[in-house]
Amino acid sequence: MDETVGDKPLLSLRNINITFGGVRALRDVSFELRAGEVHCIAGENGSGKSTLIKIITGVYRPADGAEIEFAGKRYAHMSPVQANAGGIKVIWQDLALFPEMSVAENIAFSEVVGRGVRLVDYDRIRAIALAALARLGVSLDVDAPLKAFPIAQRQIVAIARALVGEARIVFMDEPTASLTQSETDNLLAIVRNLAASGVAVVFVSHRLAEVLDISSRITVLRDGRLVGVYPAEGMTQSRITELMTGRTFDAQVRAASRQDRPVVVAVDGLSRPSQFSDISFEVRQGETLGITGLLGSGRTELAMTLFGMLKPAAGSIRLDGQPVHFSSNRDAIDAGIAYLSEDRLSLGLIQAQSIADNLVIASLGRILSGGLIAPDKKAGLVARWIADLGVKIGKPEDAISTLSGGNQQRVAIAKWLATKPRLLILDAPTVGVDVGARAGIFDIVARLADSGLAIILISDEVPEVYFNADRVLHMAQGRVVGCYDPRAYTLHDIEAAVYG
Amino acid sequence: MAKFFRTHGTESALLLVITVISLILSLITDRYFTIGNAFDLLNTSSVNIIFAVGLLVVLISGGIDISFAVAASVVQYGTALFVGWIGGGDWAIGLMVAGGLGILLGSINAGLIQAFGIPSIVVSISSFNAFFGLLMFFTKGVSIYDLPDWLTAHVALYERQLADGSWIEISLPVLVMVICVVATWALVTRTTIGRQLYAFGDNPEGARRFGVNIAAMRFIAFGWLGLMAGIAGLVQAHYAQEVVPNALYGREMDVLAAVVLGGARLGGGKGTVLGCVLGVMLTQITQNGLNLMGVSPFAFKMIVGSIILVAITLSNSPVERLLPFLSRQGAPK
């Protein structure tokens, strides 16, 4: 890093206040960014992270009294045009790319916008795209449509697009959320190169390990206030969590072994071509089986097979010793299997419907009276589960979308518990859920296991399964490649095996 | 060539279906595979192709419109009254008036969508009824047969007598159609506006964040369709030698089906001019073939519907599966 540049901040904000509908989203926050650094903004959902980013990029206007200084100039607030012209670029979490258009057009889209009607110079567009990709040290077929590429490459296209023109600050909002570990490593290498070339990168991620790995400084926000700015060196994940939530969490592996309980589900030699093969395991009453592995390891396909949505090509599933053949997930639900899907937003919950409707959707048969839904039975069921799982809601009639990620996930779990399952499959239950709320969800999982439910917990974050499961299966390329007892292995052993 | 098949899956599938149908038709009818019939096909398809390329632009931008055919009727009627009132006129004046009226009607749709945020399908269902209702109300359903000479006079740009004594010709509608096709192709593939239209249809929020002017996109897309509809209306009046208020009623569904058949996506961001033209040609060839085979016209819709289903199924399958020899080129997926 260039020390002379590093001394004076490229961007500094002071006295940032902003109020939305009477709620102060940011309170006297300050922020400082130096050229060539990777700076992480950490905080739970609702802590003000994205509000701060939107102020810097000119989307929101802070309250009077704010002082913004960027590249030696002072602003009361910056407009999006000023921010963009000054080289402040954002890579949105949803990337905002155009799947049907070519990679080149996606990267050099600025060539066709905002300069009146002209003929398109495709040679120039190609040249710009190739130059931007070369700067990242990546080669892609720039003539192919973007939709031909997986999400990891699209992420790179989005970064390349941010580099077109002069980029001085690049914001990356959860850039690794849908990437596998090796793709994440590639991305982090690109971020390092970018910083080395003098660009300031602001990195926002839920994955604290990667935050510690990539950033040089960390700004922590909580409830719209600045907690502090910390050098990444010497920081630990648990310390950041503590700063973000104001609470301490001490994780311990589960204590008792449950090998003496009756087996609920036994899977033997289960296979589906090109998805998973020869999977065998048992889950006992009150036991939590963790399954981990990278994206594409066949975890979700396995879960969907257990849930009757996919048919196994070979092997058997036995429930309480009896072989079962599900022709649909309705059969599986009736047999006592519940599956919390990995994509809560689009699959797990119906966002526009009410909390109550979401909660009863899988167990409508239990609230009927003469073939019609009985309002009193429905209200009783809803009230019971909301109290039982400690969901914080306004009214049961409110739309589910009004709840926070953690509370939505509780409703999703309640929805399945209302079907009275004997086996609960949780697929990535903490994606998009804050650190604090995660602990609450795992408390529920532990309580459910203690009450005798058999649980399969799927997660690509090894610590989650390590601290919350009785056994951990490691899947890779559709096979079980390792089985670990958390009481006999360290977290590091398993992480090395999975991420190595 | 192989590259074309891979990058233009829909167009290739359509060409394949058109070839197969043409082969079958030339075997079972003796009239289909003649030069005369080919020119007939071109002449009769012109109006629908002009409509189709206009509609394509709206579909690319993520909108939809079903009011364009009745809008064309309004334009026809209005233009016929106008040139009657000024006592003649010529093609230049006629095209300007028809195009201008068309743009105006298209802009009404765009304005309603933009100002009130109503989905384009809802707006165009309303304007479809409003345009047609107003036209029938004010005209009382009376047709205009007394058209100026320039509009009804047959213009053959090229004609020749064949050895068997029959005449082939390329008429004015074909020239107008070719100009509209080339202009639309240039608009969507060669101008910055066209690329913004694709981007807006593909990912509206992404385009908005990038500074694409959303209102401008809507007015350009619906204005272009209005322009094409106006021109098509005038050309159809020339072709039919009369202006009948409900002559184009129902045409919108044929055109919409042909454009979607040509690979344009309801939802935006996708579609090519070539696919669009092939889509219209396929439906026309089918009708023409059925006609030559002596099939009852009442069966046309049913058969055309089935052909569209088959063709769309084919064009949604990977080309490699339809034409396995292509995959040997080692192409990326």
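Sequence lines set the chain letters: A, B, ... in the order given, protein chains first and strands last, and positions in each chain run from 1.
- In summary, A/Lys49 and A/Asp173 do not engage in a salt bridge, as defined by a charged side-chain N under 4.0 Å from a carboxylate O.
- Residues B/Asp65 and B/Ser124 come closest through the heavy atom pair OD1-CB, 3.1 Å.
- No side-chain donor-acceptor contact under 3.5 Å links A/Tyr75 to the backbone of A/Gln82.
- Using a 30° and 60° split on the angle between ring planes, A/Phe31 and A/His39 fall in the perpendicular class, above 60°.
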query: Step by step, would you call B/Ser67 with B/Glu252 a side chain to side chain donor-acceptor pair (under 3.5 Å)?
result: CA-CA 7 Å; B/Ser67 70; B/Glu252 59 281 340; over 6 Å; no
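- Residues B/Phe222 and B/Ser120 share a closest heavy-atom pair of CZ-CB, 4.0 Å.
- If you measure heavy-atom distances from B/Arg208 to chain A, you find no contacts under 4.5 Å at all.
- Within residues 105-113 of chain A, the residues having any heavy atom less than 4.5 Å from a heavy atom of chain B are, in residue-number order, A/Glu105, A/Phe109, A/Ser110, A/Glu111, A/Val112, A/Val113.
- At a 4.5 Å heavy-atom cutoff, B/Ala186 makes no contact with chain A through either its backbone or its side chain.
- Judged by distance alone, the side chain of A/Arg272 and the main-chain N or O of A/Lys311 form a donor-acceptor pair under 3.5 Å.
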